[in-house]
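Remarks on the structure that follows.
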Protein chains: 2
Amino acid sequence: MDRIGIAGAGAWGTALALVLARAGRRVALWAYEREVAAAINTGHENPLYLPGIALDPAIRATTELAEIGRAELLLLVTPAQHLRGIAAALRPHLAQGTPVLIGAKGIEQHTGALLSEAAAASLSGAPLAVLSGPSFALEVARGLPTAVTIAARDQALGSRLVQTIGSARLRPYLTDDLVGVQIGGAIKNVIAIACGIVAGRRLGHNTRAALITRGLAEMARLGLAMGARAETFMGLSGLGDLTLTCNDTQSRNFSLGIALGEGRRLKDVLAERRSVAEGVTTAISVVGLAGRLGVEMPISAAVHAVLHEGAAIDATIEALLARPFKSEGLAGVSV
Amino acid sequence: MDRIGIAGAGAWGTALALVLARAGRRVALWAYEREVAAAINTGHENPLYLPGIALDPAIRATTELAEIGRAELLLLVTPAQHLRGIAAALRPHLAQGTPVLIGAKGIEQHTGALLSEAAAASLSGAPLAVLSGPSFALEVARGLPTAVTIAARDQALGSRLVQTIGSARLRPYLTDDLVGVQIGGAIKNVIAIACGIVAGRRLGHNTRAALITRGLAEMARLGLAMGARAETFMGLSGLGDLTLTCNDTQSRNFSLGIALGEGRRLKDVLAERRSVAEGVTTAISVVGLAGRLGVEMPISAAVHAVLHEGAAIDATIEALLARPFKSEGLAGVSV
């Protein structure tokens, strides 16, 4: 897999392009915005989404999907809500059997679909895999050590992806639990908003640690109801990504939560951001999924209420903290 | 349980004294240092260990163990390595059947004993329970919301302790897994030193998240080998306390690791500190336990090597990060 196409030139898509170019792959990177593609091709930087990082001049940016379709491996790193449409637009350009690696994290808002399901609907028959785990884009771009998860049902494909993506500084580990990995990557953004709100309210680190603990439990409850394995939530794509995202303002979701906790309004926070905080839409999908599956997800419900129903933050936090743990550990989950 | 004796006037013992005094209990607090007892009794502050917090004037500090022995509930919140000896010294003063709640976290260095075992050896027959979970003392003292774990084999005792310790701001949850709760509370300090070293070396948050993930797995492996339940490590006293301790410089262990990662020498760091970083001695006990039980604990071994064997930090980190994950999740643990 030498020619790599990447759809999405946000921070993560750009960081992956850089890592792959450094490893000698030929990388074509599709950007939605013309100015992003131009800046990458001429200035070898992505000042909008990954400022301050010198990109490999070999990375070729484009705004034409056809130009990334002629790849031996396609990475989908778009905002979650655009993934289905972009995959559909890519379909005519892809060779039969081109493997597709999903690097986006989220759940489709109107369908409740996992991104692997959305991609499969647009690219029927394409071999699919998912890349997740604790990986701030900027740190990966800087070459700081990072361990990630690759989920693939076809282990031969998984092994090829590990060879293609992996390096001494970016180490992928393989699993076949596509559902668990995607649920972890999606729900952690919602929990991170909750943790941010609590941080913005200056409620302390003890509270945040309790929220993270309960958040992992509700993530795992949803995942198990959807067929995931419990152990996945103990791994990089579960607790690893959760502890990362809930503890550092490099996370757009955590920092959005902080702004809300400090009393700013959601539409004002969103208006001044170019990047997507996936948890804002994922909260909607999750509440829908949890309702349909009969899974209790009080933190996600609280985040949804604050974001989308105008719930008062203090009363919502108070009610959340007053909820009893049913038991220690993964309440309601048989591990 | 109205009269409470607390052995240990460090940050956590003092914070617990304050919480209990606020709830109207009569609290006697034993301090090792005369100046600490004097400051609490006259200035109603503990400037050495919990500076800036106004203590309830009803808290009576003492340097005489006999004065806390006449309690209906005894809390042991001493440094881990002193717990057995202080418990033995308290024994003649305790009424038969006085319940003992252990708030210290660590493993005895020379015996490898859990603190409940060390306490039981000194106080044979006393009903024992353990208090753990993500609880920075300063935040508890400030009344910030905190959820903790109480572990007791006797559930009636556990329920009484929940009633005695608990409040709207300090919410205890009950388990009977004494081993799991104590292993979590001990090992997290060792993992926090590792995370601090990596932070001091500026290796980034992705690396730290991977260490936390692997750290939880090795903590659980040891716990399961000692008879703990896997779910305990998913709870407040496992992952909750781990994510807290590995992400904030309020943790003495994390901040000690940072100093080491920045190139300072252990003895210099320890020399300027009054408080104990439990992970420094726990690392010794853990490596011994892991060896006897045949449990693989590479992070703990690496921390031990850096702290006590003069291992070079960079080479040790490099070797640690190069280790393959055997699989995602709780490698080697059946959940």
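Naming: A, B, ... by sequence-line order, numbering from 1 per chain.
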Full working for side-chain contact (heavy atoms from CB on, under 4.5 Å) between Met234(A) and Leu216(B): CA-CA 8 Å; Met234(A) 300 287 270; Leu216(B) 187 72; 3.7 Å; yes
Heavy-atom count check: over 12 atoms from other residues, nucleotides or ligands less than 6.0 Å from [X] [atom1]?
{"X": "Arg22(B)", "atom1": "CZ", "answer": "yes"}
{"X": "Arg201(B)", "atom1": "CZ", "answer": "yes"}
{"X": "Glu318(A)", "atom1": "CD", "answer": "no"}

Nearest-0.5 Å distance that lies between atom CZ in Arg214(B) and atom CG in Leu236(A): 7.5 Å
Straight-line distance of Thr243(B) OG1 to Leu239(A) CG, nearest 0.5 Å: 7.5 Å
Closest-packed option against chain B by number of heavy-atom pairs under 4.5 Å, given Asn247(A), Val140(A), Thr207(A), Thr146(A): Asn247(A)
Winner by heavy-atom pair count (cut-off under 4.5 Å) against chain B, out of Cys246(A), Ala168(A), Gly133(A), Gly240(A): Gly240(A)
Contact summary for Gly235(B) and Thr213(A), nearest pair of heavy atoms: C-CG2, 3.4 Å
Closest approach of His205(B) to Gln250(A) (non-hydrogen atoms, all atoms of both residues): ND1-NE2, 3.6 Å
Chain A contact via Arg202(B) - which portion, at a heavy-atom distance below 4.5 Å: backbone
Contact origin within Arg169(B) toward chain A - heavy atom pairs under 4.5 Å: side chain
Side chain, backbone, both or neither of Val198(A) within contact of chain B (heavy atoms, under 4.5 Å): neither
Close side-chain approach of Asn206(B) and Leu144(A), heavy atoms under 4.5 Å: no
